[in-house]
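Both ligands and their constituent atoms are indexed starting at 1 by order of listing.
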Amino acid sequence: MFVVVGVTGGIAAYKTVHLVRALIASGHEVHVVPTADALRFVGVPTWEAISRHPVTTTVHEDVATVRHVSLGQRADLVIVAPASANTLAKMAAGLAEDLLGTTLLATTAPVVVAPAMHTEMWRHPATRANIATLRERGVHVVGPVDGPLTGGDSGPGRMSEPDDIAAFALGLAAASTDLDGLRVVVTAGGTREPLDPVRFLGNRSSGRQGVALALAAADRGAEVALIAAHVEGDVLAPAAGHPRIAVTAAGTALELQQAAQDAASADVIVMAAAVADYRPARPADGKLTKEQNGDTLRLDLVANPDIVAELAAGRREGQTIVAFAAETETGDALLARARRKRERKGVDLLAVNEVGWDRGFEAAENELTVIGADGAIVAHVAGTKRAVADAVWDAVLASRRTSGTASVS
Ligand code: C5P
């Protein structure tokens with residue numbers, strides 16, 4: 001594997017020498033990218049001697065090989081160890097003022113950070129927020145661990161041991177190709193059903209879970225067609241820039257139906273979009289006015305086609321279809337409803353989560369249960385929408401293995 005090791009300014013940089021050695025000893029090609037500050041702790045000759053590759057901190061050397069992006073593009077894995085509070089902040093902001101910054105922006109490989117800092121800095125709300133942002137984008141965080149720190153104090157903030165970082169990162173990179181060659185469709189966001197030229201019936205779906213599903217699949221090697229209904233703010237941005245994700249916009253349920261049918265030959269279809277069950281029967285040509293309608297406005301709604309049920313009914317052999325359901329029930333009633341819904345829609349897996357006025361929608365975190373073909377619970381996961389997405393793909397792979405369709409078609 002082509003591994004980039006970023007090193008930032010912290011005393012734990014001396015331990016990263018061992019990390020680089022361990023990676024090379026397990027047969028990987030390692031390129032070290034220190035920040036200028038890191039070199040105050042361990043110098044260029046050490047990194048060059050140990051990695052056997054030239055080492056620089058800036059984007060202005062070796063310009064002819066476009067090194068500022070080529071390292072990131074070629075990387076199968078990027079590890080930042082130690083990751084200082086300052087570098088985590090720069091990563092969260094997407095700053096690219098040195099070679100490590102550009103490499104991190106140019107890569108689509110799994111990124112692992114091993115934070116190291118004093119406990120107060122680790123616990124600071126700014127650092128917490130930066131870590132949450134990075135996790136949301138799919139960055140993996142290993143450590144820090146609890147133990148003695150440089151100032152003689154003790155607490156969480158110590159960089160994980162180099163062998164632990166290597167084992168974690170290499171395990172991750174191996175898992176990251178388990179969807180290789182699979183063609184998948186993911187739908188995301190909420191449909192908007194027009195009432196008139198300026199108004200619509202919509203829902204609170206932000207698209208975060210669907211986009212996380214698309215990113216997780218693409219990072220694990222799949223070719224992804226992401227069909228996006230309305231998605232909040234810049235949630236779509238990381239997917240739009242991913243080399244293995246093609247985004248198609250679909251505003252209404254009927255547009256989404258067309259886009260899904262166009263892409264229906266995929267190996268896996270994951271319907272995470274919140275599709276309106278009903279649409280206005282006849283959207284008005286002009287804006288609806290109070291003048292025309294008075295105090296009460298009645299709307300005629302007609303049922304939309306159940307897209308996922310149609311796809312499941314017309315599925316080809318070897319195809320896996322996953323539906324999502326957001327329900328306001330809890331406990332056994334939620335599970336019973338989810339089981340009925342899975343059967344009615346004829347899908348392989350149904351991922352159900354509890355939603356309400358203050359839960360489920362718009363948040364960075366999610367909790368869901370995946371129901372399998374015989375109604376059994378095959379996964380229950382709580383965490384960032386990215387962690388939830390990975391668990392859904394694990395369940396998809398497990399389902400394909402048990403139904404004998406594990407091989408890529
Ligand atoms: O019946 P309900 O709307 O709860 O079903 C949710 C699941 O069905 C989601 O996977 C959603 O994308 C899909 N769906 C659909 N077509 C509709 C409504 C929902 O494919 N008209």
Taking NZ, NE, NH1 and NH2 as the nitrogens, is one of them in Asp394 or Arg220 under 4.0 Å from a carboxylate oxygen of the other?
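A salt bridge links Asp394 with Arg220.
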
Take a 6.0 Å sphere around CG of Asp374 and say whether it holds more than 12 heavy atoms from other residues, nucleotides or ligands.
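Check passes, neighbour count above 12.
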
Flag if over 12 foreign heavy atoms under 6.0 Å of CG, Asp332:
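Not more than 12 within 6.0 Å, no.
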
Begin from the C-alpha positions of Asp306 and Lys345 and carry the test salt bridge (charged side-chain N to carboxylate O under 4.0 Å, His left out) through to its verdict.
CA-CA 8 Å; Asp306 191 323; Lys345 295 196 181 251; 2.7 Å; yes

Nearest 0.5 angstrom please: Gln261 CD to Ile307 CD1, how far?
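Answer for the CD-CD1 pair, Gln261 versus Ile307, is 8.5 Å.
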
Say you draw a straight line from OG1 of Thr187 to CZ of Phe324; how long is it, rounded to the nearest 0.5 Å?
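Separation between the atoms: 9.0 Å.
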
Which pairs of nitrogen or oxygen atoms, taken one from ligand 1 and one from the protein, are under 3.5 angstrom apart?
residue: ligand 1; atom: 1 (O); partner: Lys341; partner atom: NZ; Å: 3.4
residue: ligand 1; atom: 1 (O); partner: Lys345; partner atom: NZ; Å: 3.2
residue: ligand 1; atom: 3 (O); partner: Asp277; partner atom: OD1; Å: 3.4
residue: ligand 1; atom: 4 (O); partner: Lys341; partner atom: NZ; Å: 2.4
residue: ligand 1; atom: 5 (O); partner: Lys345; partner atom: NZ; Å: 3.0
residue: ligand 1; atom: 8 (O); partner: Lys345; partner atom: NZ; Å: 3.0
residue: ligand 1; atom: 10 (O); partner: Met271; partner atom: O; Å: 2.6
residue: ligand 1; atom: 10 (O); partner: Phe324; partner atom: N; Å: 2.8
residue: ligand 1; atom: 10 (O); partner: Phe324; partner atom: O; Å: 3.2
residue: ligand 1; atom: 12 (O); partner: Met271; partner atom: O; Å: 3.3
residue: ligand 1; atom: 12 (O); partner: Ala273; partner atom: O; Å: 2.7
residue: ligand 1; atom: 16 (N); partner: Ile307; partner atom: N; Å: 3.0
residue: ligand 1; atom: 20 (O); partner: Ile307; partner atom: N; Å: 3.3
residue: ligand 1; atom: 20 (O); partner: Val308; partner atom: N; Å: 2.8
residue: ligand 1; atom: 21 (N); partner: Pro305; partner atom: O; Å: 2.8

